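Naming convention: chains lettered A, B, ... in sequence-line order (proteins, then strands); numbering from 1 in each chain. Since we're looking at a predicted model, the values are computed, not measured.
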Amino acid sequence: MPELPEVETIARGLASRLTGDFIESVWLGSKPEPLKSSAAEIAATLQSRRIADVRRMGKHIVFELVSARERPSERAGAKAQWIVHLGMTGSMLVCKPELEIAKHTHAVVKLASGRELRFVDPRRFGRLSVARDFDAVGCEPLDVKLDRFITLFHGRKTPIKSALLNQKLLCGVGNIYADESLFRAGIRPRRRAVSLTRENLCRLYKSVQEVLKEAIALGGSSVSHYVDSDGQEGSFQLEHRVYGREGKRCLSCKAAIKRIVIAGRSSHYCPKCQK
DNA sequence: ACTATTTCCTGGATGC
DNA sequence: TGCATCCAGGAAATAG
């Protein structure tokens with residue numbers, strides 16, 4: 001399930017391989033169910049554009065596109081963005097056109113270099129859309145200043161775990177990294193955000209950044225078949241201290257890791273290390 | 001204005 | 001072996 005580190009890894013890979021390439025044509029499956037844009041709108045926006053850059057915003061991949069030619073409605077050089085959210089099982093594959101089209105392929109982009117960029121998503125939680133000035137809304141966890149981070153949670157009665165998952169507050173943190181960050185900060189996931197001291201929040205701030213940076217350095221966590229656009233697996237799953245470790249011994253105190261459900265999501269924590 | 005719950009979707013795991 | 005059931009989870013939609 002791609003969260004910030006996985007999406008960052010994918011976006012970097014796509015940027016290094018696709019920047020400068022040109023989109024010749026686009027095929028969209030019957031039901032990519034884009035956020036706001038229709039299939040026709042997406043296809044029309046992508047067609048005949050050069051990929052100027054690929055970057056990550058929150059859990060979104062943003063393709064920065066520039067039109068190479070004049071169009072009826074706009075001048076040459078006009079900008080547009082293709083926004084891809086991978087959901088849980090989405091992947092972006094750069095491959096040769098001869099490669100067999102995998103089941104659940106919902107989009108195929110033909111590039112001037114002769115390669116194809118394919119969007120594959122078995123569970124269909126992924127979303128495609130186009131925009132002009134995309135805004136991920138929440139703060140980027142690796143850019144936000146400490147004081148801003150602290151005010152994000154001010155007065156919130158919701159469990160801190162839920163607040164960390166709220167993309168309108170911080171964007172990019174998902175279930176795995178929320179659990180791992182809370183473990184490192186020594187905070188139980190059910191603790192109400194409002195009950196956390198400044199000290200707690202400082203630790204959490206450091207933990208979130210530390211966990212995300214380490215995960216990016218290792219290419220993300222490969223669970224549920226996650227691979228980057230090269231087909232390469234990440235290795236941060238080997239560093240998980242609580243996520244997916246229910247019943248196993250805590251790596252620092254040997255207590256059994258617990259799993260509870262918060263807002264319908266599995267939440268893993270050490271009952272001894274986290275208060 | 002918040003917060004909590006439900007819904008979407010399919011493959012893989014589990015159980016009888 | 002085969003079929004049914006459950007579970008995973010991001011975020012929009014809905015309910016409270």
Query raised in the report: Please give, in whole Å, the distance from dA12(C) C1' to H85(A) NE2?
Result: 11 Å
Query - Side-chain H-bond candidate by donor/acceptor type, D179(A) with H268(A), under 3.5 Å - result: yes
**Report entry** Of residues 149-159 of chain A, the positions that come close to DNA chain B - non-hydrogen atoms, cut-off under 4.0 Å
**Finding:** R156(A), K157(A), T158(A), P159(A)
Requested in this report: Ignoring hydrogens and angles, state whether a donor on the side chain of N200(A) or R191(A) is under 3.5 Å from an acceptor on the partner side chain.
Outcome: yes
Pull out every protein N or O sitting under 3.5 Å from an N or O of nucleotides 5-9 of chain C, one pair per line with the distance.
unit_1: dA8(C); atom_1: OP1; unit_2: R259(A); atom_2: NH1; d: 3.0
unit_1: dA8(C); atom_1: OP1; unit_2: S266(A); atom_2: OG; d: 3.2
unit_1: dA8(C); atom_1: N3; unit_2: R123(A); atom_2: NH1; d: 2.7
unit_1: dG9(C); atom_1: OP1; unit_2: N175(A); atom_2: ND2; d: 3.2
unit_1: dG9(C); atom_1: OP1; unit_2: Y243(A); atom_2: OH; d: 2.5
unit_1: dG9(C); atom_1: OP2; unit_2: S266(A); atom_2: OG; d: 3.4

Report summary line: Interatomic distance, OG@S252(A) vs CZ@R241(A), rounded to 0.5 Å, equals 7.5 Å
Query raised in the report: Can you say whether the rings of F149(A) and F153(A) are parallel (under 30°), tilted (30 to 60°) or perpendicular (over 60°)?
Result: perpendicular
Query - Heavy atoms from other residues, nucleotides or ligands near NZ of K168(A) exceed 12 (cutoff 6.0 Å) - result: no
**Report entry** dG11(B) OP1/OP2 closer than 4.0 Å to side-chain N/O of H104(A)
**Finding:** yes
Query raised in the report: Once you round to the nearest 0.5 Å, how far does OG of S162(A) lie from CG of L169(A)?
Result: 10.5 Å
Query raised in the report: Nearest 0.5 Å, what's the CD1-CD1 distance between I83(A) and I61(A)?
Result: 10.0 Å
Report task. Can you pull out how bent the helix from dC2(B)-dG16(C) to dC16(B)-dG2(C) is, comparing the axes over its first five and last five pairs, to 10°? Result -> 50°
Query raised in the report: When the distance from CG of N166(A) to P of dT5(B) is rounded to whole Å, what number comes out?
Result: 15 Å
Query raised in the report: At under 4.0 Å between heavy atoms, what does K168(A) touch on the DNA or RNA strands: base, sugar-phosphate, or nothing?
Result: nothing
Query raised in the report: Atom CG of L128(A) to atom C1' of dA11(C): distance rounded to whole Å?
Result: 15 Å
Report summary line: Taken to the nearest whole Å, CZ/R190(A) to P/dT3(B) is 17 Å
Report task. Give the rounded distance in Å between these two atoms: CD1 of I61(A) and P of dG10(C). Result -> 16 Å
Query raised in the report: Between K103(A) (NZ) and dT10(B) (P), how many Å, whole number?
Result: 10 Å
Query raised in the report: Where the side chain of D21(A) meets the backbone of L111(A), is there a donor-acceptor pair that is under 3.5 Å apart?
Result: no
Query raised in the report: Any chance the side chains of R156(A) and T158(A) put a donor and an acceptor closer than 3.5 Å?
Result: no
Report task. Send over the distance from L165(A) CG to dT5(B) P, rounded to a whole Å. Result -> 14 Å
Report summary line: note: H60(A), atom NE2; dG10(C), atom C1'; distance rounded to Å ~ 10 Å
